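Shown next, in structure tokens, is the structure this report addresses.
Owing to the predicted nature of the structure, the values given are computational and were not obtained by experimental measurement. Numbering of residues begins at 1 and proceeds along the displayed sequence.
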Amino acid sequence: FDLLYYLFIYSLLRQFALFFCFVCFDVVDGAKLCCFFFFFKQKTAYEIMPSLVGSEMCIRDSNYPVDVASFFINRYEVSQDEWYVIMGENPSNQHRRNYPVDQVNWFNAQRFTKKLSQLSGLPFRLPFEAEWEYAARGGLKTKNFIYAGSNNAEQVAWFREKYYNTYVSKETGTKKPNELGLYDMSGNVYEWCMDWYDRKVPFTGNIAPVICEKDTHKVLRGGSYYTFEKYCKVTSRYGVNPQRWDIDYGLRLVVSLPN
């Protein structure tokens with residue numbers, strides 16, 4: 001009933017070309033907390049802020065220095081309900097409310113963020129790979145866990161256990177969050193990033209490469225319910241053709257802060 005109600009209200013808003021997005025700010029544990037009331041469902045996102053914007057931060061085991069500016073990142077992966085309300089269809093393997101949307105390729109994710117940005121007036125996008133890993137590691141609150149929030153994958157991630165798999169993702173936010181309160185950064189579904197994949201040099205931030213010189217794959221991060229736990233580590237990287245979709249490919253939203 002409530003989904004039909006949401007869709008009815010949404011259809012009315014579309015007729016008047018209106019979409020309401022209320023943003024409330026508060027301070028929680030020294031970090032700015034941003035509550036987005038969009039998709040007719042409360043979501044929460046943290047402002048990930050380095051000690052100095054533009055400062056060097058070593059966020060990989062190899063001490064690879066990367067600059068990360070301030071940004072907001074969604075606490076949850078985009079759900080099937082949210083995708084359906086914005087796009088009018090659900091591409092997922094099995095349709096279940098509050099489960100992450102899947103079977104999404106990179107271009108579909110771009111269309112979703114573009115449409116959501118037009119409706120809300122906010123600059124939604126996919127995270128860059130450096131932003132994704134910075135958030136997955138816990139930002140300035142990091143405890144250098146192997147997985148996003150723990151050294152024990154079972155506490156924070158849905159992944160493939162041995163050779164048993166149901167081929168179905170899990171409801172978002174049901175495992176333990178990481179240090180920033182972000183859920184499913186390890187496991188559940190892979191998450192697309194903005195960057196083109198470079199096998200040798202991570203975190204390029206390159207969104208317009210010279211095709212003849214660069215790998216023509218986009219970055220996926222986080223591992224999934226379909227992969228073994230070692231692929232759910234915060235350092236694991238994966239390059240995929242942006243036109244490809246699979247039963248465990250999803251996304252998470254980011255909003256840039258104005259300069």
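Of the possible polar contacts, none joining the S92 side chain to the V101 backbone as a donor-acceptor pair under 3.5 Å is found. Judged by distance alone, with hydrogens and angles left aside, the side-chain atoms of K115 form no donor-acceptor pair with the main-chain N or O of M87 at under 3.5 Å. When atom types are taken as modelled, the side chain of D246 and the backbone of D248 share no donor-acceptor pair closer than 3.5 angstrom. Checked by atom type and distance alone, the side chain of N93 never pairs as donor or acceptor with a backbone atom of D102 at under 3.5 Å. For the pair S117 (side chain) and T113 (backbone), a donor-acceptor distance under 3.5 Å is present. No donor-acceptor pair closer than 3.5 Å links the side chain of K218 to the backbone N or O of N241. The closest donor-acceptor contact from the side chain of Q155 to the backbone of N152 lies at 3.5 Å or more, if one exists at all. Judged purely by atom type and a 3.5 angstrom limit, T142 has no side-chain atom pairing as donor or acceptor with the backbone of G139.
Residues in residues 179-194 take part in these salt bridge (charged side-chain N to carboxylate O under 4.0 Å, His left out) pairs, two or more places apart or across chains: E191-R252.
A 4.5 Å side-chain heavy-atom check between Y249 and L220 finds at least one atom pair inside the cut-off. T172 places none of its side-chain heavy atoms less than 4.5 Å from the side chain of Y99. In this structure, the side chains of L251 and L126 come closer than 4.5 Å at one or more pairs of heavy atoms. You'll find the side chain of Y76 stays beyond 4.5 Å of the side chain of N98, heavy atoms only. With contacts defined as side-chain heavy-atom distances shorter than 4.5 Å, the pair Y197/R237 qualifies. Taking the side chain as every heavy atom from C-beta outward, V234 and M185 never approach each other to under 4.5 Å. Looking only at side-chain heavy atoms (C-beta outward), V85 and E82 stay at 4.5 Å or farther from each other. Residues W196 and H217 have side chains not in contact (no heavy-atom distance under 4.5 Å, counting atoms from C-beta outward).
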Output, in order, the C-alpha distance, side-chain angles, deciding distance and verdict of side-chain contact (heavy atoms from CB on, under 4.5 Å) for Y134 and L140.
-> CA-CA 9 Å; Y134 181 69; L140 296 178; 3.4 Å; yes

Give the C-alpha distance, both sets of side-chain angles, the deciding distance and a yes or no for salt bridge (Lys or Arg N to Asp or Glu O under 4.0 Å) between R125 and E131.
-> CA-CA 12 Å; R125 60 173 173 81; E131 294 172 334; 2.8 Å; yes

Trace of the side-chain hydrogen bond (donor to acceptor under 3.5 Å, both in side chains) decision for W192 with Q110 = CA-CA 10 Å; W192 287 106; Q110 289 296 95; over 6 Å; no

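In plain terms, the two heavy atoms of V104 and N108 that are nearest each other are CG1-CB, 3.7 Å. Minimum heavy-atom separation, L180 to A135: CD1-O, 4.0 Å. Looking at every heavy atom in both residues, N188 comes nearest to S169 through OD1-CB, 3.5 Å.
Note that the CG atom of D198 and the CD atom of E129 stand 9.5 Å from one another [nearest 0.5 Å]. Rounding to the nearest 0.5 Å places OG of S186 at 14.0 Å from CH2 of W158. Between K230 atom NZ and T235 atom OG1 the span is 12.0 Å, to the nearest 0.5 Å. We find the CG-CD distance between N90 and Q80 to be 4.5 Å, quoted to the nearest 0.5 Å. The distance from atom OG of S224 to atom OH of Y238, rounded to the nearest 0.5 Å, is 9.5 Å. Note: L122 CG to F72 CZ = 9.5 Å, rounded to the nearest 0.5 Å.
If you check the side chains of N105 and Q243, you find no donor sitting under 3.5 Å from an acceptor. For R221 and S236, the side-chain atoms include no donor-acceptor pair closer than 3.5 Å. A donor atom on one side chain and an acceptor atom on the other are not found under 3.5 Å apart for S79 and D81.
Looking at L253, V254, N74 one by one, the single match for side-chain contact (heavy atoms from CB on, under 4.5 Å) with F124 turns out to be L253.
In the hydrophobic clustering of ILVMFWY residues, with side-chain heavy atoms under 4.5 Å counting as a link, W245 and M194 come out apart. Note on L119 and F112: same hydrophobic cluster, where clusters join Ile, Leu, Val, Met, Phe, Trp and Tyr whose side-chain heavy atoms are under 4.5 Å apart, directly or indirectly.
Heavy atoms of other residues, nucleotides or ligands lying less than 6.0 angstrom from NZ of K176 number more than 12. Around OH of Y183, the count of heavy atoms belonging to other residues, nucleotides or ligands within 6.0 Å exceeds 12.
Centroid-to-centroid, the aromatic rings of Y225 and F159 stay 6.0 Å apart or farther.
Grouping Ile, Leu, Val, Met, Phe, Trp and Tyr residues whose side-chain heavy atoms lie under 4.5 Å apart, directly or via other members, places V156 in a hydrophobic cluster with I146, Y147.
Every residue was checked against the side chain to side chain donor-acceptor pair (under 3.5 Å) condition with W106, not counting sequence neighbours, and none meets it.
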